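Each ligand, and each atom within it, is numbered from 1 in the order the structure gives. For the numbers below, each heavy atom of this structure counts, side chains included, while hydrogens, waters and symmetry mates do not. Because the structure is predicted, anything quoted here is derived from the model rather than measured.
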Amino acid sequence: MKLLELNHVEKSFGELSVIKDISMSVEEGEIVSIIGPSGSGKSTLLRCATMLETMDSGEIIYLGQKAAWTGENGQVAYAGKKELKEIQSQYGLVFQNFNLFPHFSVMKNITDAPIHVQKRDKETVYKEARELLKKMGLEDKENAYPCQLSGGQCQRVAIARALALKPKILFFDEPTSALDPELTGEVLKVIKSLADLDIAMVIVTHEMAFARDISHRVIFMAGGVIVEEGSPEKVFASDNERTQSFLGRYGAIL
Ligand SMILES: Nc1ncnc2c1ncn2[C@@H]1O[C@H](COP(=O)(O)OP(=O)(O)OP(=O)(O)O)[C@@H](O)[C@H]1O
Ligand SMILES: [Mg+2]
């Protein structure tokens with residue numbers, strides 16, 4: 001079954017049409033990268049898909065369950081509170097600037113929502129959180145506070161926090177763009193290591209070599225539309241003019 005299906009999603013800010021009739025889907029365990037120039041609508045698409053932003057028209061379906069659709073009156077309708085809560089528990093989000101709670105320890109940042117929102121067993125949650133911290137290379141940091149960590153470490157805590165909620169699909173919006181180059185590598189390595197967890201990932205990134213290495217499918221967006229998509233081999237060797245012109249800027253690393 002498809003984990004996520006977006007059909008004909010559109011979004012404008014005032015007069016500015018940012019997402020123009022985008023349809024895409026994500027299969028179980030699939031890793032999809034979204035690349036494209038600054039301002040092409042990548043973050044807006046992710047924000048619409050995760051319902052942080054309301055779309056103007058279109059359809060959003062998670063695991064066959066409709067989260068949002070365009071009604072007969074042309075207005076977008078969202079599922080009820082209870083259904084949305086259930087749908088939202090299927091996915092997690094990791095942003096550029098971590099959004100950790102500054103007054104919570106690393107451990108509490110990771111365990112708070114599983115214990116208090118998902119109402120899961122405390123002991124089990126702690127045990128799983130320690131395993132996640134180990135996977136992130138942060139086993140000695142459970143009592144630290146975010147301000148005591150590097151940007152790369154904060155981002156790895158943010159990833160552990162998202163994983164602790166056991167999502168089926170994880171969205172990343174430029175997870176390394178706020179990091180110094182030397183910290184970027186460690187975060188990309190951690191994201192790569194998630195590939196074997198069988199969680200689907202949708203990753204907006206400007207790290208082209210990373211996108212090429214990790215993705216099952218690459219989506220190239222420009223001007224609010226999907227210009228092309230396909231295997232990394234296909235997209236990175238594309239003879240499409242817009243794709244080539246964009247990738248040409250990254251020529252040195254490919
Ligand atoms: N809340 C908003 N209000 C008005 N305009 C917005 C808003 N959010 C985004 N935009 C505009 O929508 C367009 C697409 O923005 P978006 O952030 O989705 O691009 P992006 O592809 O993620 O770019 P980048 O690679 O720089 O992150 C831009 O022109 C932006 O200025
Ligand atoms: Mg963006």
Closer than 4.0 Å and a protein heavy atom, does any atom meet both conditions relative to atom 7 (C) of ligand 1?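 Given the 4.0 Å limit, the answer for atom 7 (C) of ligand 1 is yes, a protein heavy atom qualifies.
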Only heavy atoms of S40, strictly under 4.0 Å: list the atoms of ligand 1 that pass.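 Contacts of ligand 1 toward S40, numbered from 1: 19 (O), 21 (O).
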By number and element, which atoms of ligand 1 are closer than 4.0 Å to a non-hydrogen atom of P37?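 In order of numbering, the contacting atoms are 21 (O).
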Identify the protein heavy atom lying closest to [atom], giving its residue, its atom name and the separation to 0.1 Å.
atom                    : answer
atom 25 (O) of ligand 1 : K42 NZ, 2.7 Å
atom 15 (O) of ligand 1 : T44 OG1, 3.8 Å
atom 1 (N) of ligand 1  : F13 CE2, 3.5 Å
atom 23 (O) of ligand 1 : G39 N, 2.8 Å
atom 27 (O) of ligand 1 : E174 OE2, 3.2 Å
atom 26 (O) of ligand 1 : S38 OG, 2.5 Å

Taking all heavy atoms of I87 and all of K66, pick out the closest pair and write down the distance.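 Scanning both residues completely, I find the closest heavy atoms to be CD1-O, 3.9 Å.
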List the atom of E53, the atom of K11, and the distance in Å for their closest heavy-atom pair.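 Looks like CG-CE, 3.8 Å.
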Report yes if the side chains of [X] and [Y] come closer than 4.5 Å at any heavy-atom pair, otherwise no.
X    : Y    : value
Y91  : M51  : yes
V26  : F171 : no
K166 : R120 : yes

Given G223, S43, G14, A222, identify the one with the heavy atom nearest to atom 17 (O) of ligand 1.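 That would be S43.
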Selected option - heavy-atom contact closest to atom 29 (O) of ligand 1, from V204, T205, L16, I19: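 Closest candidate by heavy-atom distance is L16.
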Derivation of the side-chain contact (heavy atoms from CB on, under 4.5 Å) call for I19 and M221: CA-CA 10 Å; I19 302 295; M221 266 182 83; 4.0 Å; yes
Check ring-ring contact (aromatic ring centres under 6.0 Å, His included) between Y126 and all other residues, then give those that pass, not counting sequence neighbours.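 Scan of Y126 (ring-ring contact (aromatic ring centres under 6.0 Å, His included), adjacent residues dropped) gives none.
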For F246, all residues meeting ring-ring contact (aromatic ring centres under 6.0 Å, His included), sequence neighbours excluded: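 For F246 the ring-ring contact (aromatic ring centres under 6.0 Å, His included) partners, ignoring immediate neighbours, are F220, Y250.
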For the residue pair H8 and E59, confirm or rule out a side-chain donor-acceptor distance under 3.5 Å.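 Their side chains do not contain a donor-acceptor pair, so the 3.5 Å distance test is not met.
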Can you list the steps and then say if R217 with E27 is a salt bridge (charged side-chain N to carboxylate O under 4.0 Å, His left out)? CA-CA 11 Å; R217 189 152 51 92; E27 306 279 340; over 6 Å; no
Begin from the C-alpha positions of L138 and V106 and carry the test side-chain contact (heavy atoms from CB on, under 4.5 Å) through to its verdict. CA-CA 10 Å; L138 294 170; V106 164; 5.8 Å; no
Those residues that, when tested against S231, pass side chain to side chain donor-acceptor pair (under 3.5 Å) (two or more places apart):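 Once residues adjacent in sequence are excluded, the partners of S231 under the side chain to side chain donor-acceptor pair (under 3.5 Å) criterion are E233.
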Could you go through E207 and T184, starting from their C-alpha distance and side-chain angles, then the distance that decides it, and tell me whether this counts as side chain to side chain donor-acceptor pair (under 3.5 Å)? CA-CA 9 Å; E207 299 285 338; T184 295; 4.7 Å; no
Compute the minimum heavy-atom distance from [X] to ligand 1 and say whether it is under 4.0 Å.
X    : value
S177 : no
H206 : yes
G36  : no

Under 3.5 Å between any N/O of V18 and any N/O of ligand 1: does that happen in this structure?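 In this structure, V18 places no N or O atom under 3.5 Å from an N or O of ligand 1.
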Cut-off under 2.8 Å, centre the Mg ion (ligand 2), protein N/O/S atoms: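 For the Mg ion (ligand 2), the protein N, O and S atoms that sit under 2.8 Å away are S43 OG.
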